[in-house]
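Below is one structure, written out as structure tokens; the observations come after it.
Reminder, nothing fancy here: chain letters follow the sequence lines and each chain counts from 1. For clarity, every value in this text was computed on a predicted model and none was experimentally measured. Any value given below was found using the heavy atoms of this structure, including those in side chains, with hydrogens, waters and symmetry copies removed.
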There are 2 protein chains.
Amino acid sequence: MARPKEFNPDEALEKAMQVFWHKGYEATSMEDLLEAMDLNRGSLYDTFGDKRQLFLKVIDRYCTCFVGPKFSMLDQPGPALPALRQFIQGMIGGALADPQRRGCLIANTVMELAPHKHDIARTMTRALKMGEDAFFGLLTRAKRQGELKPDKDPRTLARFLTTMMQGTIVMIKAGASAEAVRQSAETALTILD
Amino acid sequence: MARPKEFNPDEALEKAMQVFWHKGYEATSMEDLLEAMDLNRGSLYDTFGDKRQLFLKVIDRYCTCFVGPKFSMLDQPGPALPALRQFIQGMIGGALADPQRRGCLIANTVMELAPHKHDIARTMTRALKMGEDAFFGLLTRAKRQGELKPDKDPRTLARFLTTMMQGTIVMIKAGASAEAVRQSAETALTILD
DNA sequence: CATATTTTGGAATGATCGATCAAGAATAAC
DNA sequence: GTTATTCTTGATCGATCATTCCAAAATATG
């Protein structure tokens, strides 16, 4: 019950996310963040803690605001496989549309920090697992609805799709052409037939 | 023609590679490198240049000493698809056997540096392209030898395999189980049938 | 042995890193 | 209006960053 913040913490977090997404964890300095978030040291440390804590909050925001909503289209009632197809094409379209080709913050973080920052990495692993489970749920439903041949295993396919999605992110970051990316994604989806 | 180096530049480069592979570019300090390579500042800068140049030399070594030899098994005469299968299983086995799960230095570097260090990233893109071309060569041969149905397109399949391989690296770094990784790789390979 | 050349070892550079702190400004509660 | 509390601002901390530089040590050549 005193002086109110002059900034919107959520907007500031959004700005921080953009920076981490672009430069990764290690290459992003507090200086970079202060400038992008347009606030001063005291406010940043008071509100978000140190760099590590801020990053974890950013990851959390990324999952709930960015990834979550997109995955939610996977458990809408109705035909499952078309929804899956649309989801993947949407993901690819989004990643290709980003002029900076920043890929996926989760994948980026796994690749950058997994071998030497185990605590942060664990959060990433959990996020990827959630994606796999979303695929699994959809594929199970597809099978129940007769969209998937009975001999197909939803868990295996879910893992395959997750792997393929991560690989696609890598290729996009590596500068692959839209045509190449879409082609290989189409090829991957023929697995479901 | 004077005092000879007290260290083996190639061994030193190997040590440097291990560090970069483990911690990535940004998180690796010259201090880390000096300790691992067991030489002093002067020798390092004299022999390898600055951090950036050293890293490029490391990448070069990684490609010629690590990746190159493994890809060379793809253009041995004989049945093509079994060789491909063996190559992929070998790659997965190697990545899983690494206790640190460091993945692939090329993929790591693409993911860490592509959006904000374009010059280094270009080298990585070229390396990935070479991998794709190796797959393409093998698949073309497979088609010629009747191991691949005539309606399959080697270029598309090569891109698909490259994507899948990169995705597998991500999953391994993310801590996926050996079983999950092998399963989804097997699934991917059914594309060739 | 003498000399030219190179490596070695480490001091030292300025820049930047993440993080802390204190003092002043602003506002809610009383 | 006073007071208590919170936020803002910027100076500042020690540590570490990548890099440079030079004197001492070592060796090949003449």
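A:Phe20 does not carry A:Lys51 over the face of its six-membered ring by the limits of under 6.0 Å from the centre and within 45° of the normal.
Residue B:Ser43 has a polar side-chain atom (N or O) positioned under 4.0 Å from OP1 or OP2 of C:dT8.
No more than 12 heavy-atom neighbours from other residues, nucleotides or ligands sit within 6.0 angstrom of CZ on B:Arg85.
Rounded to an integer number of Å, the gap from NZ of A:Lys5 to P of D:dT5 is 17 Å.
Contacts of B:Glu6 classified as salt bridge (charged side-chain N to carboxylate O under 4.0 Å, His left out), with partners at least two apart in sequence or in another chain: B:Arg3. Taking A:Phe71 as the reference, A:Phe87, A:Phe135 meet the ring pair (Phe, Tyr, Trp, His ring centres under 6.0 Å) condition, with sequence neighbours excluded.
In terms of position along DNA chain D, the nucleotide closest to A:Leu39 lies nearer the 5' end than the nucleotide closest to the other residue of the pair B:Glu6 and A:Leu39.
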5' to 3', nucleotides 10-21 of chain D under a 4.0 Å protein heavy-atom cut-off (B base, S sugar-phosphate only, - none) gives BB-----SSBB-

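With hydrogens and angles left out, the side-chain atoms of A:Asp46 and A:Ser43 include no donor and acceptor closer than 3.5 Å.
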